[in-house]
Undergrad: 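Here's a structure for you.
Residues: numbered from 1 along the sequence shown.
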Amino acid sequence: MVIGSFRRRALGRALGRTLAAVGVAASMLAGIGQAAAQDVTYLLPAPQSLPAFGPFVLAQQRGYFKAEGLNVTFQVAKGGVDVAKQVGAGNAVIGGGIGDTSIIVRPNGVPVKTVALLGGGALMQLVMDKDKGLHTVKDLKGKTITVLAYQDTTYFALLGMLASQGMTKSDVNAQAVGPVNVWKLFLSGQSEALASVPDWTAQIMLAKKNIELIPSDQLFKSMAQAIIASDDTIKKNPELIQKIVRATLKGMKDIMADPAAAAADFVKATPELAGKEDYVALSFKLYNQYVYGGQKVLGEMDEARLSALQDFYAKEGLIRSKSPVQDLYTNQFVK
């Protein structure tokens, strides 16, 4: 009995030491896993509370970045061109822009490419006041059109739409008024039209304004939002770009599959929008309808469309020179 008791105590102590060792090993492995999470700064051109950034925010909120071993922090730059400059300079690994961004900045020595295009449609929509008898681009001759800024791509898309109808900026009164007044002045009747995006269009629709909506790509092949990265990062760390693109496209897929559920999670991540789930859901539906669809491969850039768009920028004098089209994008991360 004494020997048996001694053996039981000895076995107990050995088992205890083994379990303790297992516990320490597990803790060490957990620590290694946590340490392996890579810090990434994701630079956005505007505050992340805009539904435009739904794919990015959902990838964060639903843990897709975390599942890729990434610890992502969003920071806000001063528009898409600033994003490109910061990413090109190595101050951020990745950024949000539009498909046009690399066209604009590469002639100025900013070495960035589009690594994923978030939809086969176009971000910009021409919204007109139907109660004032406006139905076509040609109806806008002599009318006031609000735009975000004269250096913003939505304004360039407006110029492209005008050009498709044989018109120029001299035929309209385009006013750059900022991201809030661009739609508020339209609602108050101080402008007859605006160069809009789904976020602003949703605000107008919720206000029950009677509108005519023309997606810009019906007349001019401008583009959707894009993920941009530097040539250097693409070359030296393609695995990291692949992880970021994969997670962001998952967020985009979620919006396409269930905009209402996506809106609920988006609002959880952006508490300043509490109570505005209907607005976010409507914005997401508009993105689905006008922007996100139309790609054979989700995230893929259409080279012919990109080339034609660059030709327009050059013709209008919006860029100093054209870049080789292959320098403007890569589809390696979406295949």
Undergrad: Taking the side chain as C-beta and beyond, is there a heavy-atom pair between Thr101 and Thr114 under 4.5 Å?
TA: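 A side-chain contact is absent here, since even the closest heavy-atom pair is not under 4.5 Å.
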
Undergrad: Side chains of Gln125 and Pro198, heavy atoms from C-beta outward: is any pair under 4.5 Å?
TA: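 Answer yes - side chains close enough.
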
Undergrad: Take Glu272 and Ser49 through the test side chain to side chain contact (heavy atoms under 4.5 Å, CB included) and record every step on the way to the result.
TA: CA-CA 8 Å; Glu272 59 266 43; Ser49 57; 3.3 Å; yes

Undergrad: Looking at residues at least two apart in the chain, or sitting in another chain, which of them share a salt bridge (charged side-chain N to carboxylate O under 4.0 Å, His left out) with Lys66?
TA: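 Salt bridge (charged side-chain N to carboxylate O under 4.0 Å, His left out) list for Lys66, sorted by chain: empty.
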
Undergrad: How about Leu206 and Leu282: do any of their side-chain heavy atoms sit closer than 4.5 Å?
TA: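 Yes. Closest side-chain heavy atoms under 4.5 Å.
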
Undergrad: Would a distance-only check, ignoring hydrogens and angles, find a side-chain to backbone donor-acceptor pair under 3.5 Å from Trp200 to Val180?
TA: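 No, because the side chain of Trp200 does not come within donor-acceptor range (under 3.5 Å) of the backbone of Val180.
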
Undergrad: Is it true that the side chains of Ser216 and Ser222 contain a donor and an acceptor less than 3.5 Å apart?
TA: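 On atom types as modelled, these side chains qualify, holding a pair under 3.5 Å.
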
Undergrad: By the definition side-chain contact (heavy atoms from CB on, under 4.5 Å), identify the one residue from Leu249, Val115, Leu70, Val72 that meets it with Ile244.
TA: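 Exactly one candidate clears the test, Leu70.
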
Undergrad: Do the non-hydrogen side-chain atoms of Phe266 and Gln61 ever get within less than 4.5 Å of each other?
TA: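 Side chain of Phe266 against side chain of Gln61, heavy atoms only: no contact under 4.5 Å found.
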
Undergrad: Supply the atom-to-atom distance Gln75 CD to Asn91 CG, rounded to the nearest 0.5 angstrom.
TA: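 Reported value, rounded in 0.5 Å steps: 10.0 Å.
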
Undergrad: In Å, rounded to the nearest 0.5 Å, how long is the span from CG of Asp258 to CZ of Phe284?
TA: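 If I round to the nearest 0.5 Å, the distance is 11.0 Å.
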
Undergrad: Please tell me if the side chains of Gln295 and Leu117 come closer than 4.5 Å, counting only heavy atoms from C-beta onward.
TA: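 The answer is yes; the side chains approach within 4.5 Å.
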
Undergrad: For residues Leu44 and Val83, determine if any side-chain heavy atom of one lies less than 4.5 Å from a side-chain heavy atom of the other.
TA: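 When only atoms from C-beta onward are counted, Val83 and Leu44 do not touch, as no gap falls below 4.5 Å.
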
Undergrad: Establish, yes or no, whether a centroid distance under 6.0 Å links the rings of Tyr313 and Phe156.
TA: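 Ring centres of Phe156 and Tyr313 closer than 6.0 Å.
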
Undergrad: Could you tell me whether Asp231 and Arg106 make a salt bridge, using a distance below 4.0 angstrom between a side-chain N and a carboxylate O?
TA: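 A salt bridge is present here (some side-chain N lies under 4.0 Å from a carboxylate O).
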
Undergrad: Nearest 0.5 Å please: distance from the CH2 atom of Trp183 over to the OG atom of Ser188.
TA: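 It is 10.5 Å, given to the nearest 0.5 Å.
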
Undergrad: Side-chain heavy atoms nearer than 4.5 Å, only ILVMFWY residues, links allowed to pass through others: does that put Leu118 and Tyr64 together?
TA: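 Looking at the clustering, Tyr64 is in a separate group from Leu118.
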
Undergrad: If we only count heavy atoms from C-beta on, is the Lys143 to Leu134 side-chain gap below 4.5 Å?
TA: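 Result yes, sub-4.5 Å side-chain heavy-atom pair found.
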
Undergrad: Do Met223 and Tyr287 belong together in a cluster built from hydrophobic side chains that touch within less than 4.5 Å?
TA: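 The answer is no; the residues belong to distinct hydrophobic clusters.
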
Undergrad: Please tell me whether Ile255 and Val197 are part of a single hydrophobic cluster in this structure, the criterion being side-chain heavy atoms less than 4.5 Å apart.
TA: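 Same cluster.
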
Undergrad: Among residues at least two apart in sequence or on other chains, which ones pass salt bridge (charged side-chain N to carboxylate O under 4.0 Å, His left out) with Lys208?
TA: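 Lys208: no salt bridge (charged side-chain N to carboxylate O under 4.0 Å, His left out) contacts found.
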
Undergrad: From Tyr155 OH over to Ile145 CD1, what is the distance, rounded to the nearest 0.5 angstrom?
TA: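 Tyr155 OH to Ile145 CD1: 9.5 Å, rounded to 0.5 Å.
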
Undergrad: Indicate, with yes or no, if Val40 and Leu58 share a hydrophobic cluster defined by side-chain heavy-atom contacts under 4.5 Å among Ile, Leu, Val, Met, Phe, Trp and Tyr.
TA: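 The answer is yes; both residues are in one hydrophobic cluster.
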
Undergrad: Compile the donor-acceptor pairs under 3.5 Å between side chains in residues 162-169 and protein atoms, sequence neighbours left out, one pair per line.
TA:
{"unit_1": "Ser164", "atom_1": "OG", "unit_2": "Met161", "atom_2": "O", "d": "2.6"}
{"unit_1": "Thr168", "atom_1": "OG1", "unit_2": "Ser170", "atom_2": "N", "d": "3.2"}

Undergrad: Is any side-chain heavy atom of Ile211 less than 4.5 Å from a side-chain heavy atom of Ile204?
TA: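 With C-beta onward as the side chain, the pair touches.
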
Undergrad: Less than 4.0 Å between a side-chain N and a carboxylate O, is that true for Lys221 and Asp217?
TA: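 Looking at Lys221 together with Asp217, the answer is no, because their closest N to O distance does not fall below 4.0 Å.
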
Undergrad: Any salt bridge linking Lys268 with Asp265? Criterion: basic side-chain nitrogen under 4.0 Å from a carboxylate oxygen.
TA: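 Yes, this pair counts.
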
Undergrad: For Phe56 and Phe74, run ring-ring contact (aromatic ring centres under 6.0 Å, His included): C-alpha distance rounded to whole Å, both residues' side-chain angles, the deciding distance at 0.1 Å, then the answer.
TA: CA-CA 9 Å; Phe56 311 90; Phe74 293 120; 7.1 Å; no

Undergrad: Quickly, which of Ile103, Asp302, Val325 forms a side-chain contact (heavy atoms from CB on, under 4.5 Å) with Ser307? Name it, please.
TA: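 By the side-chain contact (heavy atoms from CB on, under 4.5 Å) criterion, Ser307 pairs with just one of Ile103, Asp302, Val325: Val325.
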
